[in-house]
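Note that this is a predicted model, so its numbers are computed, not measured.
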Amino acid sequence: MKLKRLAQSTILLTSKNGKTLLIDPGKYNLDPGKLTLESFPVADVVIITHKHADHFDMDLLKAMLSRSQPRIFTNEEIKPVLEKQGITAQVLKAGDAVQEAGFSIKAIQADHAVRGEFIINFGLVVAADGKSVYHTSDTRFIDPSLLPPETRADYLLLPISNRGVVMGIDDALVFASEIKPKIVIPIHYDSPKDKDRVDPKEFEQKGPKFGLQVRVLSFGQEIEM
């Protein structure tokens with residue numbers, strides 16, 4: 001399975017048989033010279049974890065749907081929004097597990113709040129080709145002992161920007177050290193609010209002290225898992 005980081009929290013997974021799964025189609029912070037609405041990749045499966053623009057952009061989703069017919073999974077807040085646009089989706093909640101296009105998908109509890117508003121959200125574990133990826137989505141620290149065993153995945157993607165809405169670097173290091181993935185990939189540090197305040201290289205440099213191997217991926221960078 002291949003993993004490509006497209007934008008702040010947007011990840012494309014490609015299985016050995018060529019099937020694709022896109023996590024959170026948000027065009028926030030896309031480099032318009034490299035990736036546009038028109039050139040954004042299509043996918044067989046699309047998962048939208050929550051409503052924020054770096055995870056869900058309606059124009060981007062519509063551009064994808066003009067070129068493909070993916071199976072869409074999302075939460076109970078976004079499903080009616082999509083239905084008003086004539087878009088069909090299946091609801092996922094924490095604990096739900098589905099199989100689609102050769103991918104095993106399990107929704108995982110998340111804790112995301114902004115300015116006192118609790119955000120309906122979920123993380124997810126995706127498995128294919130004998131590899132697994134845990135994308136936490138936007139979440140504050142959760143005791144990993146409370147999470148299901150599937151979260152002990154080979155690859156872990158987690159936010160590091162803090163601001164009280166998601167994990168910061170130190171929380172993320174502790175969280176990752178208890179999950180014990182083979183590779184940790186930081187996400188959610190590219191916004192104008194964060195890019196001059198949060199340095200993923202700091203996370204990478206601190207990783208070995210917590211027994212972690214960290215890979216920092218730029219937009220468009222792909223790795224073979």
Side-chain angles (χ1 to χ4, degrees), residues 1 3 8-13 15 19-26 28 43-58 60-61 64-65 69-128 131-159 164-167 171-172 175-176 178-179 181 187-188:
M1 185 159 56
L3 183 156
Q8 170 153 287
S9 302
T10 304
I11 301 295
L12 181 69
L13 301 175
S15 67
K19 296 296 184 180
T20 51
L21 183 149
L22 182 75
I23 302 171
D24 285 344
Y28 189 55
D44 297 293
V45 184
V46 174
I47 302 177
I48 305 168
T49 63
H50 66 287
K51 67 183 180 179
H52 289 152
D54 55 331
H55 298 258
F56 170 44
D57 183 274
M58 183 65 82
L60 177 54
L61 182 62
M64 294 177 65
L65 292 174
Q69 294 182 318
R71 185 71 184 276
I72 301 174
F73 297 91
T74 190
N75 65 43
E76 63 267 32
E77 180 179 33
I78 294 176
K79 177 180 169 66
V81 175
L82 296 179
E83 288 178 339
K84 288 181 180 179
Q85 300 293 322
I87 301 170
T88 301
Q90 178 177 331
V91 167
L92 283 183
K93 297 181 180 179
D96 290 348
V98 295
Q99 299 276 337
E100 193 67 39
F103 296 98
S104 297
I105 304 161
K106 181 159 186 174
I108 305 297
Q109 172 189 355
D111 176 16
H112 186 31
V114 178
R115 293 184 290 276
E117 177 192 4
F118 175 75
I119 308 300
I120 299 173
N121 189 24
F122 59 82
L124 64 152
V125 176
V126 180
K131 301 292 184 182
S132 58
V133 180
Y134 176 22
H135 187 307
T136 69
S137 187
D138 287 0
T139 187
R140 296 178 292 193
F141 184 88
I142 297 174
D143 184 346
S145 69
L146 302 176
L147 299 175
E150 290 89 346
T151 57
R152 275 59 179 175
D154 299 308
Y155 286 69
L156 172 64
L157 299 114
L158 76 177
V165 299
V166 298
M167 284 184 274
D171 282 347
F175 184 88
E178 296 190 29
I179 295 293
I187 57 175
H188 203 277

| Intermediate values then yes/no, side chain to side chain contact (heavy atoms under 4.5 Å, CB included), S15 and F103 | CA-CA 8 Å; S15 67; F103 296 98; 4.0 Å; yes

Check your understanding: Angle class for the F175/Y134 ring planes (parallel below 30°, perpendicular above 60°, tilted otherwise)?
Key -> tilted

Heavy atoms of M64 and P25 approach each other most closely as SD-CB, 4.1 Å

Taking every heavy atom of P70 against every heavy atom of A43, the minimum-distance pair comes out as CB-O, 3.1 Å

Between L157 and L3, is any pair of side-chain heavy atoms under 4.5 Å apart? yes

- Query: Is there side-chain contact between K93 and D96, with heavy atoms separated by less than 4.5 Å?
  - Reply: yes

Hey, is D154 close enough to K131 for a salt bridge, meaning N to O under 4.0 Å?
no

Practice task
Applying side chain to side chain contact (heavy atoms under 4.5 Å, CB included), run through E76 and I120 and close with a yes or a no.
Solution key: CA-CA 8 Å; E76 63 267 32; I120 299 173; 3.9 Å; yes

Practice prompt. Starting from the C-alpha separation in whole Å, work towards a yes-or-no answer on side-chain hydrogen bond (donor to acceptor under 3.5 Å, both in side chains) for D24 and S9.
Written response: CA-CA 7 Å; D24 285 344; S9 302; 6.0 Å; no

Exercise. Determine whether L147 and Q109 make a side-chain contact, defined as any pair of heavy atoms from C-beta on separated by less than 4.5 Å.
Key: yes

Minimal heavy-atom distance between A107 and F122, with the atoms involved, is CB-CD1, 4.0 Å

Taking every heavy atom of T136 against every heavy atom of A110, the minimum-distance pair comes out as O-CB, 4.2 Å

CD1 (I105) and CZ (R71) are apart, to the nearest 0.5 Å, by 9.0 Å

Which of D54, L60, L61 passes side chain to side chain contact (heavy atoms under 4.5 Å, CB included) with D57? Answer is L60

Output for pair (Q90 CD, F73 CZ), nearest 0.5 Å, gives 4.5 Å

### Message
Could you tell me if the side chain of V133 sits less than 4.5 Å from the side chain of V125, heavy atoms only?
### Response
no

Here the pair of heavy atoms bringing A94 nearest to I108 is CB-C, 3.9 Å

Fill in: Flag side-chain contact, heavy atom, 4.5 Å: I87 against L65
yes

(request) State plainly whether the residues E178 and R152 are in salt-bridge range, i.e. N to O under 4.0 Å. (result) no

Between the CG atom in L158 and the CD1 atom in I179, the distance rounded to the nearest 0.5 Å is 9.0 Å

Exercise. Is S137 close to H112 at the side-chain level, that is, under 4.5 Å between some pair of heavy atoms?
Worked result: no

- Query: If we only count heavy atoms from C-beta on, is the I47 to L22 side-chain gap below 4.5 Å?
  - Reply: no

message = Can a donor-acceptor pair be found, under 3.5 Å and without considering hydrogens, that links the side chain of D44 to the backbone of A101?
response = no

Checking side chain to side chain contact (heavy atoms under 4.5 Å, CB included) for the pair I187/Q8: CA distance, chi angles, key distance, verdict? CA-CA 6 Å; I187 57 175; Q8 170 153 287; 6.0 Å; no

dist N121:CG -> D138:CG (nearest 0.5 Å) comes out at 6.0 Å

Looking only at heavy atoms, the pair that brings A172 and P159 closest together is CB-O, 3.8 Å

Worksheet item: What class does the angle between the rings of H55 and H135 fall in, given that below 30° is parallel, 30 to 60° is tilted and above 60° is perpendicular?
Response: perpendicular

Using the side chain to side chain contact (heavy atoms under 4.5 Å, CB included) rule, take H50 and N75 through it: C-alpha gap first, then chi angles, then the decisive distance, then the call. CA-CA 7 Å; H50 66 287; N75 65 43; 4.1 Å; yes

For Q69, does the CD atom sit with more than 12 other heavy atoms under 6.0 Å from it, leaving out its own atoms? no

Looking at K19, I'd like to know if its NZ atom is crowded, meaning that more than 12 non-hydrogen atoms belonging to other residues, nucleotides or ligands lie closer than 6.0 Å.
no

d(L92 CG, L124 CG) to nearest 0.5 Å is 8.5 Å

Side chain to side chain contact (heavy atoms under 4.5 Å, CB included) with I78: of T49, I48, V91, I72, only one passes, and it is I48

Exercise. Quick one: are V81 and E83 in side-chain contact, heavy atoms under 4.5 Å?
Worked result: no

